[in-house]
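Quick notes on the structure that follows.
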Protein chains: 4
Amino acid sequence: MAAGSLVKVGIVGGTGYTGVELLRLLAQHPNVQLRAITSRKEDGMPVADMYPSLRGKVDLRFQTPESAALDQCDVVFFATPHGVAMSQAQALLDKGVRIIDLAADFRLQDTAVFEQWYKMPHACPQILADSVYGLVELNRQRIAGAQVIGNPGCYPTTVILGLLPLLEGGRQLIDAGHVIADSKSGVSGAGRTASVGTLYSEAGDNFKAYGVAGHRHHPEISEQLDLIAGRKVGLTFVPHLVPMIRGMFSTLYARILPEAMNTDFQALYEQRYADEAFVDVMPAGSLPETRSVRAANTLRIAVHRPGNGDQLVVLVVQDNLVKGASGQAVQNMNLMFGLPEDAGLGAIAVLP
Amino acid sequence: MAAGSLVKVGIVGGTGYTGVELLRLLAQHPNVQLRAITSRKEDGMPVADMYPSLRGKVDLRFQTPESAALDQCDVVFFATPHGVAMSQAQALLDKGVRIIDLAADFRLQDTAVFEQWYKMPHACPQILADSVYGLVELNRQRIAGAQVIGNPGCYPTTVILGLLPLLEGGRQLIDAGHVIADSKSGVSGAGRTASVGTLYSEAGDNFKAYGVAGHRHHPEISEQLDLIAGRKVGLTFVPHLVPMIRGMFSTLYARILPEAMNTDFQALYEQRYADEAFVDVMPAGSLPETRSVRAANTLRIAVHRPGNGDQLVVLVVQDNLVKGASGQAVQNMNLMFGLPEDAGLGAIAVLP
Amino acid sequence: MAAGSLVKVGIVGGTGYTGVELLRLLAQHPNVQLRAITSRKEDGMPVADMYPSLRGKVDLRFQTPESAALDQCDVVFFATPHGVAMSQAQALLDKGVRIIDLAADFRLQDTAVFEQWYKMPHACPQILADSVYGLVELNRQRIAGAQVIGNPGCYPTTVILGLLPLLEGGRQLIDAGHVIADSKSGVSGAGRTASVGTLYSEAGDNFKAYGVAGHRHHPEISEQLDLIAGRKVGLTFVPHLVPMIRGMFSTLYARILPEAMNTDFQALYEQRYADEAFVDVMPAGSLPETRSVRAANTLRIAVHRPGNGDQLVVLVVQDNLVKGASGQAVQNMNLMFGLPEDAGLGAIAVLP
Amino acid sequence: MAAGSLVKVGIVGGTGYTGVELLRLLAQHPNVQLRAITSRKEDGMPVADMYPSLRGKVDLRFQTPESAALDQCDVVFFATPHGVAMSQAQALLDKGVRIIDLAADFRLQDTAVFEQWYKMPHACPQILADSVYGLVELNRQRIAGAQVIGNPGCYPTTVILGLLPLLEGGRQLIDAGHVIADSKSGVSGAGRTASVGTLYSEAGDNFKAYGVAGHRHHPEISEQLDLIAGRKVGLTFVPHLVPMIRGMFSTLYARILPEAMNTDFQALYEQRYADEAFVDVMPAGSLPETRSVRAANTLRIAVHRPGNGDQLVVLVVQDNLVKGASGQAVQNMNLMFGLPEDAGLGAIAVLP
């Protein structure tokens, strides 16, 4: 970007939670000009009528995709259901518009796996092949030059960053064939679509597991872990639903290999993330809470080894709507446009 | 009922919250035989598959209304949307089946008001004219002989019982032209229908008013208050939504008339409800909590007069799904069939 | 008991959550006469003043232990901090009074372990040696004849019952050296003591792990698992705090041994618990929710084996205050006095 | 302040919720240098150890008041229990340090009323007489020149700003002798002190009124309303506790005088607050939600007149910790030091 110029940003599908969170972050971003936000259904409605939290802060109205002049943006975020971004990607790329998709269209490199889990053919395998998985701490260099970003899923962000130091560089530290991710998510992760299962009276004062037999984030995690480890990683993934709005917590279990029993895992994690602005490796013995990152882009990790035995327990927290979605998307945008990585992302977590 | 025989009960529309609450209460009722429960949509599904809380307790399956042999029941509860009970009432009455409707079809005596608020013509004004408003503490005698009961709305139950001692018998105690009901409801009052506004992420950690310009329970309350007072009562009614599942709280404000300043309001309430099993007038100065009646059929009242001035403040709590809906319906059934009024309704509130 | 006679019951320390839950259950128990409840601090206060949910249901007042005539009871429940029951046990036993302790005084058979974790010497190792660990499904026969019962901890109840079929009878089905229990508890498990960590504004809208380095329930679970398996079982136990009041969820992970890969685990669990009134093995593929047992004595189990691989995932839910505490205590009492095991414990869960 | 220089700030008593909220706001404030924060109890502890949300954002450690060099600050915030600020005020003023007290020491001008409600004599009536009640929208000019600010209570902020346009300027619009404020607060308003009543298991899934017989904010509201109206205003004030962390909602009821029935109340409110950055008068018919101001300094008002009758209903929402406490305190500081009134206070509300 030329010094002082603003990144012109469009958002497709701004009525859901990742959409309104993008609005919150981008409206306060010092280097961004919000140009357009689309919603076919709410065409003409001021954004602030749907989200009064934006009154006086965002003057945009929802527009149809056709009228929104997205092709005059520098970057378009897709906060849409799976399948939308891939159908519109080529037209935007032809106009030189870069794309950050918060859905799954550009997360899975293997189109067969995509089609198996999302029940639709991939519309643009060629673009997919050139896209980059937008986990900054893993792919920083490639993201900077990418035209299309597949923004990671919320669960995958916690699980991959929580296991990364154990697996990368061909390390032989844990039994990679039997890793367990026991993950817990706030209800906003299910989105703003009306459904019985996420009603207050159903999800409130209740705790349950779901997707034990298979969850779409499982193949996404596995694909990345395999790439990181350079071998097949065996993962058991059990997501749970927590009666809270924001927040995600993953408890990761890995068996330490006999030859790695002397490893200083605390140091391993601290060194890996020493230069990362948004990954906080807490002191040994820490117990992270989801509220410590509420509304912030930080992901916190604590490494435990109970009784100094052979079982490693890694605790990871993030705000699923920020580092797990819209905040990470903005972090990607910052990299793509040569902005400071933390531009617009410095807000302190809201506690209590 | 013959001694020892069981009341044969059917439920139409058992998939919502008042339906499952009826199941909970009736399955444990010593004088009831649950015969049928209908849901066109879930025909054939075991009730306990939808509500695992009933596993091992209720063996019924959902049936279509046609196959359910409702006409062999002694009484049928309608836990359905507005408009259903009135369309099926005549056929059941012809078979000698009595009806308790938990929706609004038989609450409003004035059909014009019904049609204004529920946007449908009333299907059976004649049956309506013979029906009884099922507020036991008000209409005990008439309920015992009724063929059709309009079970009161949740808000009306708290507001009417909270104001009753002030208005009945032609009493001139308060400025009846300017009564205020500031009411607060848990989210289950909105039912189990998928909607954005009652999602956990919308209703949680939030508080709001709604229906200030007009709420369907307003005319219901007004009609009853006018009848009780024998004159026109002016009511301002503001409902609010509380981030909790069960529970309803009404804060009632009434101006004491100059000539009534010496009234002992505490005594007035205690005497009025002295013989009521399910209305608990708490000691002077008490602060009732909704949790004190969670899952119980009790309604608690506390009478306050701050600074011994001219403003009366009456606090009323109930569980909106029990005394405010299904429990009150069972209380009506008990009366109608000559059972002890508290049969099946004695459970202690669940606290915490 | 003589036919028709009532068990005379005393409760020591009735002001906490397990105390009020005992009151709720016992006041509705058909075979019990509540004789006394003690609280030195609240001496003289009607129980229903502290817990308005009991108004009209329980007429007792709190008494000092000295004035409470506990020695005229058939059984005394201790709902007290650790250390109280063992200090009073001998005096009561001398009078022929049986004891059910809901704290930890009679849970751990190994007094050295007790002293390590509870930081106090055991006051009566001889009584401890004769006491029985009150997990009915494990020790039914011994409980019936016991004078002193150590009522299991809430977490142990879920973990032990969730692993029992895999370990008992010398079975070699799983890698017993590396079992994982990822457990989640509602906040009421922490009791009614004022503390910052369990304030609404701290525990609400938040999720965290705690006690990763060591939790008092860990040695209790381990002692029982070792006894059941007849060998040393290695357990990693990570408890978490959930923003809900009641409810406990344990996600258990066990690696299936190569020689046991053909085991029908669903059948194994169903057979083990076929005759248990309060353990519900759900159909294969089920996803239990804590609310399905809210306020009920049922514990539900679902057995999963994702991808038909070598990782077994067992999901267990209970209400921590009922099956995890007071309900289980009443179940023990029923056994001890020859009552039907489900007497007073038949209430259906409260949902929603 | 000299251009570019930073306001040097100290905080006394930073361990409670208003303290940590001050830290969140001030650490992000562009014109502030945080110099010291005191806690006698936590002396030496890094602030970020108590509040991990501040990790990497605030490097301060708690200090004793003696070691904190508060006298080198430009302004000191007191986020302490009532009684602390008035005991330290003179010493600071002598050094030229200005004071903003978030407790009640400088809220009530009438020391007799102060002593009646806070059960302590006022330590410095002279300073009190010179202090200013820090409701910016009421006292902007005086605040700019004040040495000592009494920052308003949370309830008073909503009630006073909600009634201000009706009463000021000698207006005769409502029956000022009978105003009702039915107010509802999230639990964080009760602070971070360990107490049974605000435990998660007590305050969760529950709704109750409290302080009906008298609440400390009542005289504070009354004193201000009397000053604004220039006559005695009669107020009934009933606060309630809502199971949410942040958020405050006041439903205000006022009877319109016969001669004022033609007033355009919507216009009255819009005009009064047209130039206020932090008071948002919503369009007619709006229904404000507390979440629309979560973590933001905005207070929203909606004016209703149901059925166009003689009863005015004013709905007011704020975040009790921001506009109701720490945000308003920063707004006061901005005025006192000639900074833009919204400096450091522009963050958008966090929704969902």
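So you know, we letter chains A, B, ... as the sequences are listed, proteins then strands, and number each from 1. Scope of the values below: all heavy atoms of this structure, side chains included, with no hydrogens, waters or symmetry mates. Predicted model, so just to flag it, every value in this text is computed and none were measured.
- Taking 4.5 Å as the heavy-atom cut-off, the residues of residues 200-210 of chain D that approach chain C are D:Y200, D:S201, D:E202, D:A203, D:G204, D:D205, ordered by number.
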Would D:F77 and D:M333 count as a side chain to side chain contact (heavy atoms under 4.5 Å, CB included) if you check the C-alpha gap in whole Å, the side-chain angles of each, and the deciding distance to 0.1 Å? CA-CA 9 Å; D:F77 293 86; D:M333 179 198 75; 3.8 Å; yes
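- Among residues two or more places apart in sequence or in another chain, the side-chain contact (heavy atoms from CB on, under 4.5 Å) test is passed with C:A194 by D:A194, D:V196.
- Listed here is the closest heavy atom pair of D:A181 and D:V159: CB-CG2, 4.0 Å.
- The closest side-chain heavy-atom distance from D:V316 to D:L252 is below 4.5 Å.
- When all heavy atoms of C:V350 and C:A295 are compared, the pair lying nearest together is CG2-CB, 4.2 Å.
- A salt bridge links C:R246 with C:E21: at least one charged nitrogen is closer than 4.0 Å to a carboxylate oxygen.
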Could you walk me through whether D:D319 and D:R294 pass the salt bridge (Lys or Arg N to Asp or Glu O under 4.0 Å) check? CA-CA 5 Å; D:D319 184 321; D:R294 188 187 293 133; over 6 Å; no
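- Contacts between residues 182-193 of chain C and chain D, counted as heavy-atom pairs separated by less than 4.5 Å, involve C:V187, C:S188, C:G191, C:R192, C:T193.
- Each of C:T157, C:T18, C:N332, C:D101 was checked for a side chain to side chain donor-acceptor pair (under 3.5 Å) with C:N151, and the lone residue meeting it is C:N332.
- We find the CD1-CZ distance between C:I221 and C:R107 to be 11.0 Å, quoted to the nearest 0.5 Å.
- The stretch residues 48-67 of chain D places none of its residues near chain C, where near means some heavy atom under 4.5 Å from a heavy atom of that chain.
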Go through the steps to decide whether D:Q328 and D:N297 satisfy the test side-chain hydrogen bond (donor to acceptor under 3.5 Å, both in side chains), and finish with yes or no. CA-CA 7 Å; D:Q328 182 151 252; D:N297 197 49; over 6 Å; no
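- Remark: side-chain polar atoms of C:T298 are not paired, donor with acceptor, to backbone N or O of C:F278 under 3.5 angstrom.
- Within the 3.5 Å criterion, the main-chain N or O of D:G83 finds a donor-acceptor partner in the side chain of D:D105.
- Once rounded to the nearest 0.5 Å, the distance linking CG of D:L102 with CD1 of D:I149 reads 11.0 Å.
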